[in-house]
Amino acid sequence: MWSWHGKRYLGGAHGVAGILHILLKCPPSVLSDHFGDILDSVSWLVHCQDQSGNWPTKAPANMEDGQISELVQWCHGAPGVAILLSTVLRLSQNRIITLPDTMQGEIIESLHLAGNLIYKRGFLRKGVGLCHGVGGSVYALLAISDVLDAKDADKGYFAQAAHLAHLAVFHEAFEAKGEMGVPDHPWSMYEGLAGMCCAWGEIVSRLQSKGTRKCCGLPGFDDI
C-alpha cells in the first residue's frame with residue numbers, strides 16, 4: 001500500500017490500481033508466487049467500490065466512512081480501477097490465473113457498475129486527455145468491452161466507448177462554450193490531445209475490423 005502526501009491513493013495514476021495493473025503486465029513466471037497476494041489486494045479494492053459504481057480517491061478508514069467519490073477519471077476513480085479489473089478477468093479467461101467463482105462474479109458485477117457510471121459521467125469537463133479526460137474514459141470502456149462484450153463485440157461497452165470518442169471530436173466547440181476546459185498542456189499525452197488521438201485511433205481500428213463498422217447505430221461514425 002503506497003502512500004503519497006500522507007494518503008493511500010487507490011486510482012490508476014499514483015494509487016493501488018495502477019501499481020497492481022503494472023505488476024500484472026509482468027511475465028506470469030515472475031508473478032506466480034505472488035498471485036495470491038495480488039488477488040487479495042484486488043478483492044479488497046473491489047469491496048471499496050461504492051453503490052454508484054465509483055471508488056473513493058483514497059483508501060477508506062472503514063467501509064462506511066462516508067467519503068464522497070465524485071472523481072470519475074483514470075487517475076482517481078472508476079476508469080483506472082476498471083482497467084485493472086478487466087486485466088484480471090482477461091488473465092483468468094486466458095487461464096493464466098485462477099479466480100475463485102465468487103471473486104469472478106464480484107469482478108464482473110463491479111465492472112458492470114463501473115462501466116455504467118463511466119459512460120454516464122465519463123465525458124469529463126477537464127478535457128480530452130487520458131489522465132482526467134475523455135480519453136481515459138474511452139480506454140476504460142474498451143477494456144471492459146474486451147472482457148464482457150465477447151459474445152456481442154459490436155454492441156455494449158464498445159458502442160459506449162465509440163460514442164464518447166465521437167463526442168470528443170467536437171471538443172473545440174465545447175471549449176468555446178466554456179463547457180469543457182483547456183488543459184495546462186493541451187497537446188500532451190496525459191492531459192491533452194495526443195492521448196485522445198490514441199483513443200480515436202483505437203476506435204477507428206476496431207470499427208474497420210471485420211464486421212465492426214456495422215455496429216452501434218450511432219450517427220456520424222463513418223465521418224470519424
Side-chain angles (χ1 to χ4, degrees), residues 11-13 17-18 21-22 24-25 72-91 93-94 111 114-150 152-176 179-224:
H21 186 247
I22 292 299
L24 289 172
K25 291 295 184 178
V72 182
Q73 48 200 39
W74 172 75
C75 49
H76 299 295
V81 182
I83 292 174
L84 164 67
L85 297 183
S86 298
T87 297
V88 172
L89 196 57
R90 186 174 67 252
L91 291 174
Q93 293 170 346
N94 293 338
L111 282 173
N116 291 335
L117 179 73
I118 293 166
Y119 181 55
K120 180 179 179 180
R121 294 177 51 191
F123 195 73
L124 302 173
R125 293 176 58 87
K126 293 183 178 181
V128 295
L130 297 177
C131 183
H132 38 253
V134 183
S137 300
V138 171
Y139 270 113
L141 289 170
L142 288 175
I144 297 173
S145 173
D146 286 340
V147 293
L148 296 186
D149 284 347
D152 198 356
D154 294 348
K155 297 181 181 179
Y157 294 107
F158 174 78
Q160 295 178 353
H163 187 204
L164 293 187
H166 183 220
L167 292 175
V169 171
F170 307 104
H171 67 96
E172 290 181 331
F174 290 115
E175 292 166 0
E179 296 173 354
M180 180 178 285
V182 178
D184 294 335
H185 304 283
W187 307 106
S188 68
M189 175 68 77
Y190 279 92
E191 288 188 29
L193 201 56
M196 192 67 231
C197 284
C198 294
W200 282 326
E202 182 66 20
I203 292 291
V204 169
S205 177
R206 296 188 186 207
L207 285 171
Q208 291 176 338
S209 65
K210 184 178 179 180
T212 309
R213 179 167 282 280
K214 299 178 181 179
C215 83
C216 307
L218 298 173
F221 273 20
D222 289 341
D223 299 327
I224 295 180

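All values reported here derive from a predicted model rather than from experimental measurement.
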As an exercise, state the distance from CD of Glu179 to CZ of Phe170, rounded to the nearest 0.5 Å. 13.5 Å
Do Val147 and Leu85 have side-chain heavy atoms sitting under 4.5 Å apart? no
Heavy-atom closest pair, residues Leu164 and Val134: O-CG1, 3.8 Å
One should read off an interatomic distance between His166 NE2 and Ile203 CD1, to the nearest 0.5 angstrom, of 11.5 Å
Looking at OG of Ser145 and CG of Leu111, how far apart are the two atoms once the value is rounded to the nearest 0.5 Å? 11.5 Å
Does the side chain of Pro79 reach to within under 4.5 Å of the side chain of Val72, using non-hydrogen atoms? yes
NE2/His185 to SG/Cys131 distance, rounded to the nearest 0.5 angstrom? 11.5 Å
Are the side chain of Ser86 and the backbone of Ala82 linked by a donor-acceptor contact shorter than 3.5 Å? yes
Locate the shortest heavy-atom distance separating Ala17 from Gly80; write the atom from each residue and the value. CB-O, 4.1 Å
Heavy atoms only: give me the nearest His21-Leu84 pair and the separation to one decimal. N-CD1, 3.6 Å
Answer yes or no: is there a side-chain heavy-atom contact under 4.5 Å between His132 and Glu191? yes
Nearest 0.5 Å, please: how far is CG in Leu207 from CD in Glu202? 10.0 Å
On a heavy-atom basis, the closest approach of Tyr157 and Ile144 is CD1-CG2, 3.6 Å
Take Asp146 and Phe158 through the side-chain contact (heavy atoms from CB on, under 4.5 Å) test and state the conclusion after the steps. CA-CA 8 Å; Asp146 286 340; Phe158 174 78; over 6 Å; no
In terms of heavy-atom contacts, does CD of Gln93 have more than 12 from other residues, nucleotides or ligands at under 6.0 Å? yes
Closest non-hydrogen atoms of Ala78 and Leu117, given as atom of the first, atom of the second and distance, are CB-CD2, 4.3 Å
Looking only at heavy atoms, the pair that brings Val138 and Ala165 closest together is CG2-N, 3.8 Å
Report the distance from atom CD1 of Ile83 to atom CH2 of Trp74, rounding to the nearest 0.5 Å. 8.0 Å
Residue Phe174 excluded, over 12 heavy atoms near CZ under 6.0 Å: yes
Is there a side-chain contact between Cys198 and Tyr139, using heavy atoms and a 4.5 Å cut-off? yes
